[in-house]
Asks: 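Below you will find the structure I want to go over with you.
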Protein chains: 2
Amino acid sequence: MEAGDRETTTPRDYDALRQLILDRRSDLPKRLAQVAIYALDNPDEIAFGTAASVAASAEVQPSTLVRFAQHLGYDGFSDLQGIFRARLKERTSNYDERLAVIRAGAEGGSEDQAVLHGFLAAAGQSIDRLSESVDPARFEQAASILAGAETIYIVGRRRAFPVASYLAYAFGKLKVRYFLTGSAAGLDPEVLDLAGPRDAVVAVSFSPYAPATVEQARQLSVKGLPVVSITDSAFSPLAECATEWLEIAEADFSGFRSLSATMALSMALTVAVAERRRKG
Amino acid sequence: MEAGDRETTTPRDYDALRQLILDRRSDLPKRLAQVAIYALDNPDEIAFGTAASVAASAEVQPSTLVRFAQHLGYDGFSDLQGIFRARLKERTSNYDERLAVIRAGAEGGSEDQAVLHGFLAAAGQSIDRLSESVDPARFEQAASILAGAETIYIVGRRRAFPVASYLAYAFGKLKVRYFLTGSAAGLDPEVLDLAGPRDAVVAVSFSPYAPATVEQARQLSVKGLPVVSITDSAFSPLAECATEWLEIAEADFSGFRSLSATMALSMALTVAVAERRRKG
DNA sequence: TCACTGCTGGAATATTTATTCCATCTGTGG
DNA sequence: CCACAGATGGAATAAATATTCCAGCAGTGA
C-alpha cells in the first residue's frame, strides 16, 4: 500500500463508507450522486433489497448501482451491500426482545447476570420509548418556563430524590440559581415563603407519589409560581397542578423501575435551560 | 377462515414465529429441530445469509431449510427469511450513529430537540457499552462483598451524589442497613468511627474525583472494610483502594456525561445484593 | 458546429441462489 | 425380520439476481 499517492482506499466498515460518500458526493456524476444520497438516506433498503428493488426505489437502473459500487472501489453491488448488512448486524439493541428473554428466565449465565442485563435492558427500553414519545413542544415550553425564573425550586423525594439532586448539581454547574427542598432539615417552609411568581418550580414524582412533593408543588403553584412537573401519568397529582408537565414511562425489571430515561431527560432539560439563558 | 379446527396459522411477525417454533420444537424431526434451534440462536444469520450459507452454518442441507420453512407453513426459505429481515428493520437503536448525526448539528428540528435527543442517545450508548464491557465475575464479586456486610457505607459526592442517594433509597427499600455519608452535616466522622471490618463500603466517583469521596473511601479501606468502587477508569484513586471495582464509561453530550448506565448498574447491584441476602 | 469524453439506459448474459425431485436411509409396528 | 412411513442428503432444475456490454446521449472545448 501507499506508493506515494493517497489513492482513496475502499472502506470495509459503514462509518468510513459513509464518510467517503459524503466527501465524494460533490464530484460525482448525476446518477451516481443520486445513488449516493439515496444510500445514506435509506441504508436499510440497500442492506435488504435486491439490486433491482433498490434501483427501482432510487429511480435509477440496476447497472447504475453496480457502477456506483465499482466507482467506490468495490467489486460490485453485492460487495457494497455487504457493508450495509454488516452495519445492521452490529446494531445490538431491541431491548423489548432482550427483556422478554431475560424475564422468561431463559439462557445461560448466572442469576446476577440476568439481573444486570435485565436492568440494562429496562433502561435502554425506557430511553427508546422516551425518544419516541416525548413531545418537543412541551419540552421547549418547560425549558422556557425555567429559563425565565429567578430561582428554581427543585422538589423531589424518595425515588425521585436522585433526580432532584442531579438537577441541583447540574443547575449549580451551569450557574443557575436554585433551591433543593428537603435537604436542610426543617428549613423548607421559611425558604419557600420567600418564593414568588418570578421564580419557578420543577417537581419530580412517580407513583406512588410522595405526599410531601405533591404538597409543596401545590403550595408553590397556588402562590403563583409556574410549575414544571416530571411525572409518569396524566393522572398524576403533579400533572394537575403543573403549568407544563413531561411524561416518562420507565420500564421496570423485577419490580424496580428504571431511572435512566428520567436522568437523561433531566440533563437535557438543564442544558436547554442554560442555553436559553446564555442567549439572553 | 377457521372451519372449526385451530390449524396453526403461519405467523407474519418475528415474535409470533419465535413462539411457534418454541411450541413445536419438541415434535419436530431431528434435522428440523436442529434448524429450529439454530434459527432462534442465530436470527441474524438467517436474515442475511443465503440458503447455502445458512445450511452450512447450521450443518444441514439447503433442502432441509426449505422443508423447515414449508413445514411451518411458509412458501419456502425466502418467505421465512422475510420475517427475520423484518425484525431487523424494526430495531431502532444504534446510538453511535444517532449521536454522530446530532453532534454534526445536522437535521431539522429545534436546538432543544437536538439537546434532548443528544442526551438520550448518549444515555443509550452508555448502556449499550456497559452491556458489552461489564465483567460478570467482578459484578458477582462486588455483590458478594456487599451481601456479606452488616452495614453498607455509601460514599458519593457531587456528580456521584444522585447515584449514592439512589443506592441509599434502594437499600432502604430492600431492608439492607446502610449509611449515606455527607447527608447529616458534620456527623460523618463520628459515624464512620463505628465502622468495622464486618461492614462494607460502596464508593462512587468519576473524574474529576471529589476529594472527600476519595478520602473517606481510603480511610475506611485502611480500617479493614472491603470497598466496592464504581468509577470510570483503572487509574481512578477509587480503583486503587478498592477491594473490587466496576468500570463505567459514560458517553457525554455537550460536555455533560450521562448517568443513565451508572443508575442501571446501581439498581442491578442493589437487587443482586438483596437476592443474595434473601437466600441466606 | 464538430469531435471527443464520459455518462446513461436497457437488453443480454453469466452467476448465484432457491427449490424440487428422487434414491437412500432410519426407525417403528406387526 | 419385514414392510412401511417419513426423514434425509445430494444432485438436477428452475428462478432470481447481479453484472456486463453496447448503442445512444449529453456536456465540453476547439
Side-chain angles (χ1 to χ4, degrees), chain A residues 7-8 10 12 17 20-21 24-39 42-86 88-89, chain B residues 7-8 10 12 17 20-21 24-39 42-86 88-89:
Chain A
E7 153 188 298
T8 322
T10 306
R12 297 300 328 170
L17 171 57
L20 175 64
I21 293 177
R24 294 261 214 105
R25 191 175 61 186
S26 41
D27 46 48
L28 234 39
K30 193 168 72 150
R31 285 284 118 99
L32 297 196
Q34 187 177 333
V35 173
I37 294 171
Y38 180 87
N42 308 66
D44 288 8
E45 278 304 310
I46 297 197
F48 289 115
T50 67
S53 72
V54 173
S57 168
E59 298 182 302
V60 296
Q61 291 291 326
S63 50
T64 304
L65 291 180
V66 176
R67 271 197 291 271
F68 176 73
Q70 290 172 342
H71 196 92
L72 258 34
Y74 295 93
D75 278 356
F77 176 71
S78 302
D79 192 19
L80 176 71
Q81 191 178 40
I83 309 292
F84 283 81
R85 291 187 169 179
L88 281 188
K89 282 198 201 171
Chain B
E7 152 187 300
T8 322
T10 306
R12 298 294 342 164
L17 171 56
L20 175 62
I21 293 177
R24 292 262 215 109
R25 192 174 60 186
S26 42
D27 46 49
L28 232 41
K30 193 168 73 152
R31 286 281 115 100
L32 297 195
Q34 187 177 332
V35 173
I37 294 172
Y38 180 86
N42 309 66
D44 289 8
E45 279 305 311
I46 296 197
F48 289 116
T50 67
S53 71
V54 173
S57 168
E59 299 182 300
V60 296
Q61 292 290 328
S63 49
T64 304
L65 291 180
V66 176
R67 271 197 291 270
F68 176 74
Q70 289 173 341
H71 196 93
L72 258 35
Y74 296 93
D75 279 357
F77 176 71
S78 303
D79 191 18
L80 176 71
Q81 192 178 40
I83 309 293
F84 282 83
R85 290 189 170 176
L88 281 187
K89 282 199 203 170

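Chain A is the first sequence line, chain B the second, and so forth, proteins listed ahead of strands; every chain is numbered from 1.
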Asks: Check B:Phe77 against B:Thr50 and note the closest heavy-atom contact, atom names and distance.
Replies: CE2-C, 4.2 Å

Asks: Atom NE2 of B:His71 and atom C1' of D:dG6: how far apart are they, to the nearest Å?
Replies: 11 Å

Asks: Roughly how many Å is it from CG in B:Leu65 to P in D:dT8, rounded to a whole number?
Replies: 12 Å

Asks: Of all the choices, C:dG9, C:dT19, C:dC7, which nucleotide is nearest to the side chain of A:Thr64 once you look at every atom?
Replies: C:dG9

Asks: Between atom CG in A:Leu32 and atom C1' in C:dG6, what is the gap in whole Å?
Replies: 11 Å

Asks: Given D:dT8, D:dA18, C:dA18, identify the nucleotide with an atom nearest to the side chain of B:Arg67.
Replies: D:dT8

Asks: Starting at atom CD1 of B:Ile46, determine the distance to atom P of C:dA18, rounded to an integer number of angstrom.
Replies: 12 Å

Asks: Heavy-atom distance under 4.5 Å between the side chains of B:Val35 and B:Arg25, does that happen here?
Replies: no

Asks: Determine yes or no for a side-chain-to-main-chain donor-acceptor pair under 3.5 angstrom, with A:Gln81 supplying the side chain and A:Gly49 the backbone.
Replies: yes

Asks: D:dG10 base to B:Ser63 side chain: any donor-acceptor pair below 3.5 Å?
Replies: yes

Asks: Any base atoms under 4.0 Å from A:Gln70, or only sugar-phosphate, or nothing? Heavy atoms, all strands.
Replies: sugar-phosphate

Asks: Tell me: CZ of A:Phe77 to C1' of D:dT17, nearest whole Å?
Replies: 10 Å

Asks: What nucleotide, of C:dT8, C:dA18, D:dA18, holds the atom closest to the side chain of B:Thr50?
Replies: C:dA18

Asks: Looking only at non-hydrogen atoms, find the nearest pair between A:Ala36 and A:Ile21 and report the distance.
Replies: CB-CG2, 3.7 Å

Asks: Once you round it to whole Å, what is the distance between C1' of C:dT17 and CD of A:Gln81?
Replies: 13 Å

Asks: In whole angstrom, what separates B:Arg31's CZ from C:dC25's C1'?
Replies: 12 Å

Asks: Tell me whether the OP1 or OP2 atom of D:dA16 has a side-chain N or O from B:Ser78 closer than 4.0 Å.
Replies: no

Asks: Please report the distance, rounded to the nearest Å, between CZ in B:Phe68 and C1' in D:dT8.
Replies: 16 Å

Asks: Does a side-chain N or O of B:Gln61 approach OP1 or OP2 of D:dG10 to a distance below 4.0 Å, or not?
Replies: yes

Asks: Answer yes or no: does atom CD of B:Gln70 have more than 12 heavy-atom neighbours from other residues, nucleotides or ligands under 6.0 Å?
Replies: yes

